[in-house]
Structures are given as structure tokens and as C-alpha cells.
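Owing to the predicted nature of the structure, the values given are computational and were not obtained by experimental measurement.
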Amino acid sequence: MSRTTLDPENRLLYGDSLQAPPGYRFDAGVATTFSLDFETALAVPVSLALFAADNRDEILQHPIALLEGAERISGRLAVFAEAGQIHAGLAQQSRLCSLLEKVIVEVQAPGEGSFHPKIWALRFKPLDEEGDDLLRVLVLSRNLTRDRSWDIAVRLDGRRTRQPKAQNRPLYALLSALPDLAVSPVPDEQRALTMELAEDMRFADWALPDACEKFEFAVNGLAGRPWQPPECTRIGVVSPFCDDDALSMLAGKARRSAEILISRPDQLACIAAETLEDFEHVAVLDEMAEREDGEEAVSSALEGLHAKIIVAEHSWDTRLTLGSGNATTPAFISGRNVEFFITFTGKTSKLGSIETILGENGFGRLTRAFIPGELAAAEASERAAERVLLIARRALARGGISIRCEADATEGPGNWRMWLVPPAGGIALADINRVRVWPITRGEGHAKDAQASLEAGAALDLGVVPLADVTRFLAIEMKERATGQSILFSTGLPIEGLPAERDAAIMRSVINDRKTFLRYLRLLLTALGDPFAAALAADGGGSGAGWAMAMADDEPLLEELVRALCAKDGRLNAVDRLMTRLAESKTEGADPIPEEFRVLWQTFRAVLEESGHGE
């Protein structure tokens, strides 16, 4: 990590950090986030298993890549998120979002604060099955959302050793605790995966960035006294959210001076003047730095400052702390929030000083001085409404609500009726005067008024939906009584009676014609570890005339199948999975599998079985 590592000109793409290095393939991963949105969560498996793209929207344009990404990471990825913090929209979501039911696990902090860490623990295996696995940990300040705020990330690569490493204890403690923080029972497969990755990380030996002599992880909110930065000579703080007690604590860590505080203007407006006076320079992100030249403004909630940085100088050294924790009481003092940090230590002459990292030659050039009074503090009524909505959100996401579904042919074959089932005693929703719910796959037009049923503990009929639209993810809209302030979010509920063929129906809704089948087949037969070819196949490049003509002549396809057989890398298993899933689906409509390929595949599989070959 050089002086320029935190230079705003150095950009790290999320997808690039998740993608397997050359010669490796994704094998397993565990992630944590406070919030997430479905589109970003859908794009992640593509980056892990297929190819990286410059932006999320580029991936979302390729449904077959989204489908195959979800298929390839099934059982190999678990994402733990704060219960009730999944973003939702009024429009219907892609049916593919339901495939994330096996990935997303909603959790709660044991101290009744927020579950707030943002990390990835990843394992990659060599394509040739020779050599050691590669391990990677990402420590982030951003959530798994489309947020375009200024964030910061650390990536460490390493390998498993024979002895556990003391500095990995906080990382192991967080990962191993995750299954027991879940608000609903965690499937055995996800629990085993998480514990397996936790054990790998406990034994990992990490390669340090340049200019760093040592590092340490820290986790707050699980047990014991919260971690705080040690005393230092001087300190600088970047924190989008803050409060008086935490800022005073951080400033008090510096024996000589607290040099810089960078935050958001709406947050600083709520801080006492005497607290701000503890810092020599108080700044906010300049509005011109919140987006690239030529970009249009987006929601203020999706841009601005989101990075969390503490730079502390002591003697000849600089300690650089990055991670999830804001300068707030729950993060650093009470320990009610679950947070994760990494601190690098190096010589100030190499790692950088407060001025070089946060000053005018570093991140500070994107800031301007904060002017006291430039923004009014939020009204007490607004803050009270936010608190009411937060309590109600947590009550619904953690309150033991479930979904029941059952076959219903009253509106035609292949339909299912969904029921919202609250706990017998109901759920108290004080100061809330409207609750609407709907399956995310159906959109607002399918909304039902749910407050009376939720409070009474009575089952609510959510209506009839096609099999491919059955989902455990509901969108929930609530309105606070006094101010009319509302929120819209999603949560995944335990579901009873989920048809075994639902996933096959989702696949059939995507692969619904001959052309799409051929594109998907091309993607499956692309060599592992070839992201360019995978991206080309997903985009349809080269998959039209050439592959359509191949149906009239078995030889080109037969060559591809034989090549996959020789590679023994799982490609034939993927083709077999595709054929089986499409056969399981009873969706009405034309069969997307060309009869020529069906015959070729049956003949090919029969020869393999007779000869004793296989993957």
C-alpha cells in the first residue's frame, strides 16, 4: 500500500475484486453486508463464476448469464445481511431474484444494534487441480447495493498454512458466529459452508500491501469490550455518520491534536460546536466530487461520502484503519453494532501522514470546509418517525412471520396461492397506520393491506401467482402515523410448501425458445477460466448463425461435447443439469430444446455410460 493507494484517482471495481485470478475458479464464499439490493446481488455470482464487467447494469442486460451465475454458485455462496434491509421497489422484480433464496441469510446483531460489517471471504481453486487453493478477504466500507458513494476497500490474498494465525482470530470469530445470528433457521448446507470458510481464514497467511509492516483485524459487537483505536500523537477521521460521544472519544485519543474530520453536512449539523472545535479542520465532500464529469445526479442516498477511515500517527509510524464502523456510539463505545475493521501499520515516510492521505494532495482535495449553520439539523419529529419505522421494520423482519403456498387451479393450471402467516399472538406495530405487502415478483399491483392481519395474527391471502413467481421475498411498505413518512423494503420469510419444481420453472421462463437455448448451451460449453469467451457467449456473440447451423450437422456440437469430456472440468455436468431442469419444468409453451440436440445428447450420454466414462 503506497502513499497513493487512497488517492481518489485509484479506482477498484467491485467485480474485479470478486473475480477469480488467472488459472483459478471460484469455489466458495461468505459475505456480510448491512443492506443489499436484488440487482446487485444477482450480478455478484456472474462476477464470481463467469466474468467481470465495468458496471452492474452491463451484467443485468444478460439474463442467461444471471441464471448460470446463480446456478454455478448454488450451495457455494452465503450472504449475511441485516434483517429487513433488503431494498425493494414498486415494480416487479426479476423471477431470478428468487434463486437468491439459497444465498441470502438475514441476521440480527446480538446487542440489538445493527449488523453492519462488510467483508468477503473467498476461496479459489486452481483450474488444473494442482497446487494450493487461493484465499482472499475483502474488507469494505460499502454495502451490496448500487450505491455510488465514495467508498474504500482492502483486498488481501493468501494461502492456508498448517498453523492458525493469531491475527486472524477476529475474522474467524465473525464468520463462525454468523449462522447463530440468523433470524430464521439456517440450512445445514449454508452453516457447513460458513464454518468451512471460517476455518480456512483462521489458518490463512496474508500477503501485506506495500509500505505496510503489519496489520490487525478487529470485530465489535459480538462479545467483550469494543475495540477502539489506541492512543496516538495525531489523528484524522473520515466518517459519513457520527455523534458527539464517539467524535470526542476519537479526538481524545490524540495527545497532540485531532487534525481532520471529514463527514456529511447533515451529520455535522447535529454535532455540538464544542465537539467540532476539537478538530483543527472540519470538512465535507465537495458537491462537484459526488459524481463523475457529465453524470446526472442520482438519489442523494446513493451518492456522497460512505468511506470510513481513521489515520493515526504515533512516533515514526502511521496506523491506517479501514472498515465498516462510523464514528458513532453503537460502533465504538457501546458495541451494540457488529462492525469489522482492519488496521495497517507502516512507517509514516512510506505509508503516508495525515496530510498526504487526507489532506489537499490526497482525499482532501475532494472536500471543502464545513460551514456551521449551512444546513439545519433534522427536526425532532422526523427523527422520531425514523425510529418508529425502524422498530416496526425490525419487528416484521424478525417477528416469526412465514409464507404458506398451495396449488390452486381456480385460475388455470400451474398456479399457486400464497398466504402470509403471522405468529399466533400477532405483531405490535405502534404508531404505524398502513402496511402493504406483495411478492417481489408481482409488483405493487399485487399489494394487499396487511396491518390488521399482522396485528391480529391472522393469515392473509396474498393471491394466486404462476409457479415461477412463487417466492419467499416480500416487499413491505409502511407509513408512520404522525408525519406520514414511509419506507419500502423487502425481507425473505420461511416458506412452507414451496414446490420442488419452482427453480426449473424459473429456468424455463428464461430459456423459452430455441435461440436462447443455443446461447445458453454455448455458455455452458465455454472453458472454465475464460471470462472473455463467457462474456461473448452471454452477449450472444457468435451464437446465432453458426450454432443454429450446427443443428443441421451434428459434427460441430459433437466436437464441443468431446472437448468438454476431455477437459473433465464439469461442463458436461452443467449440460446434464440444464437438460434435467428443462425436463422437470411443466410450463406450457414450445419446447426450447431442438430435437436434433436432444437426440445427440441422449446418444452421447448413452455412449459415455456404456464405456464407463463420465465426469
Side-chain angles (χ1 to χ4, degrees), residues 1 12 14-33 44-45 47-49 52 72-80 103 105 117-140 153-181 186 188-210 212-219 222 322-324 340-345 528-529 531 568-570:
M1 181 179 293
L12 182 65
Y14 208 144
D16 287 344
S17 297
L18 297 178
Q19 192 175 31
Y24 289 83
R25 61 176 174 82
F26 168 75
D27 181 60
V30 172
T32 66
T33 182
V44 161
S47 296
L48 285 170
R72 291 196 187 185
I73 59 89
S74 179
R76 310 307 305 159
L77 175 66
V79 177
F80 294 84
V103 173
V105 181
K118 302 106 169 47
I119 69 167
W120 283 83
L122 300 169
R123 184 175 69 214
F124 303 101
K125 286 193 173 295
L127 290 173
D128 59 8
E129 301 299 332
E130 304 265 341
D132 297 331
D133 296 346
L134 178 70
L135 302 178
R136 177 176 295 166
V137 62
L138 304 177
V139 182
L140 312 170
V154 173
R155 185 176 81 189
L156 296 180
D157 287 338
R159 301 186 186 275
R160 178 166 175 152
T161 64
R162 295 184 177 181
Q163 297 293 328
K165 303 294 184 181
Q167 63 264 39
N168 292 327
R169 288 174 185 166
L171 178 59
Y172 172 79
L174 174 60
L175 293 174
S176 61
L178 293 174
D180 293 330
L181 301 181
V186 176
D188 292 341
E189 185 180 48
Q190 284 180 314
R191 181 179 292 272
L193 171 69
T194 304
M195 298 308 297
E196 186 180 313
L197 262 294
E199 196 69 11
D200 277 345
M201 297 296 146
R202 187 163 74 100
F203 283 76
D205 184 29
W206 305 108
L208 285 177
D210 295 340
C212 296
E213 297 177 354
K214 62 180 181 179
F215 80 96
E216 63 176 312
F217 293 125
V219 61
L222 295 181
L322 314 169
S324 64
F340 195 81
F341 308 90
I342 185 170
T343 299
F344 294 104
T345 300
L528 293 179
K568 293 185 177 181
D569 57 5

Point to revise | Side-chain heavy-atom pair F26, Q19 within 4.5 angstrom cut-off | key: no

Point to revise | Shortest non-hydrogen separation from P126 to D132 and the atoms involved | key: CD-O, 3.8 Å

Check your understanding: For the side-chain contact (heavy atoms from CB on, under 4.5 Å) test, which of R160, R159, K125 pairs with D133?
Key -> K125

**Study point:** Test item: S324 side-chain N/O and F340 main-chain N/O as donor-acceptor pair under 3.5 Å
**Key:** yes

**Study point:** The single option from L181, L178, L140 passing side-chain contact (heavy atoms from CB on, under 4.5 Å) against T32
**Key:** L178

Point to revise | Steps toward side-chain contact (heavy atoms from CB on, under 4.5 Å) verdict (V154, F344) | key: CA-CA 10 Å; V154 173; F344 294 104; 3.6 Å; yes

Review point. What is the distance from atom CG of D205 to atom CD of Q167, rounded to the nearest 0.5 Å?
Key: 7.5 Å

Revision key, fill the gap. Heavy-atom closest pair (P179 atom, F80 atom, distance to 0.1 Å) is N-CE2, 4.2 Å

Practice item. Take R123 and R76, measure what side-chain contact (heavy atoms from CB on, under 4.5 Å) needs, and give me the verdict at the end. Key: CA-CA 10 Å; R123 184 175 69 214; R76 310 307 305 159; 3.2 Å; yes

Check your understanding: Looking at side-chain heavy atoms only, is the closest gap between Q190 and V79 below 4.5 Å?
Key -> no

Practice item. Please examine the side chains of E213 and T345, heavy atoms only from C-beta on, and report whether any two atoms are closer than 4.5 Å. Key: no

Review point. More than 12 non-hydrogen atoms from neighbouring residues, nucleotides or ligands closer than 6.0 Å to CD on Q163, yes or no?
Key: no

Review point. Is any side-chain heavy atom of L156 less than 4.5 Å from a side-chain heavy atom of V139?
Key: no

Study note, to complete from the structure: A121 and M201 have their tightest heavy-atom pair at CB-CE, 3.7 Å

Practice item. Could you tell me whether the side chain of L77 reaches within less than 4.5 Å of the side chain of W120, counting heavy atoms only? Key: yes

Review point. Is the count of non-hydrogen atoms from other residues, nucleotides or ligands lying under 6.0 Å from R169 atom CZ greater than 12?
Key: no

Point to revise | Rounded distance [0.5 Å steps], CE in M195 versus CZ in R202 | key: 9.5 Å

Exercise for review: If the plane angle is over 60° it's perpendicular, under 30° parallel, otherwise tilted; pick one for F217 and W206.
Suggested key: perpendicular

Check your understanding: When rounded to the nearest 0.5 angstrom, what distance separates CG in L197 from OH in Y172?
Key -> 12.5 Å

Review point. When rounded to the nearest 0.5 angstrom, what is the spacing between OG in S17 and CG in L48?
Key: 11.0 Å

Exercise for review: Could you walk me through whether I119 and L171 pass side-chain contact (heavy atoms from CB on, under 4.5 Å), step by step?
Suggested key: CA-CA 9 Å; I119 69 167; L171 178 59; 3.7 Å; yes

Check your understanding: Between F203 and N168, is any pair of side-chain heavy atoms under 4.5 Å apart?
Key -> no

Review point. Any ion pair linking R191 and D180 (charged N to carboxylate O, less than 4.0 Å)?
Key: yes

Point to revise | Spatial distance of atom CG (D157) from atom CZ (F124) [nearest 0.5 Å] | key: 7.5 Å

Point to revise | D188, CG atom: more than 12 neighbouring heavy atoms under 6.0 Å | key: no

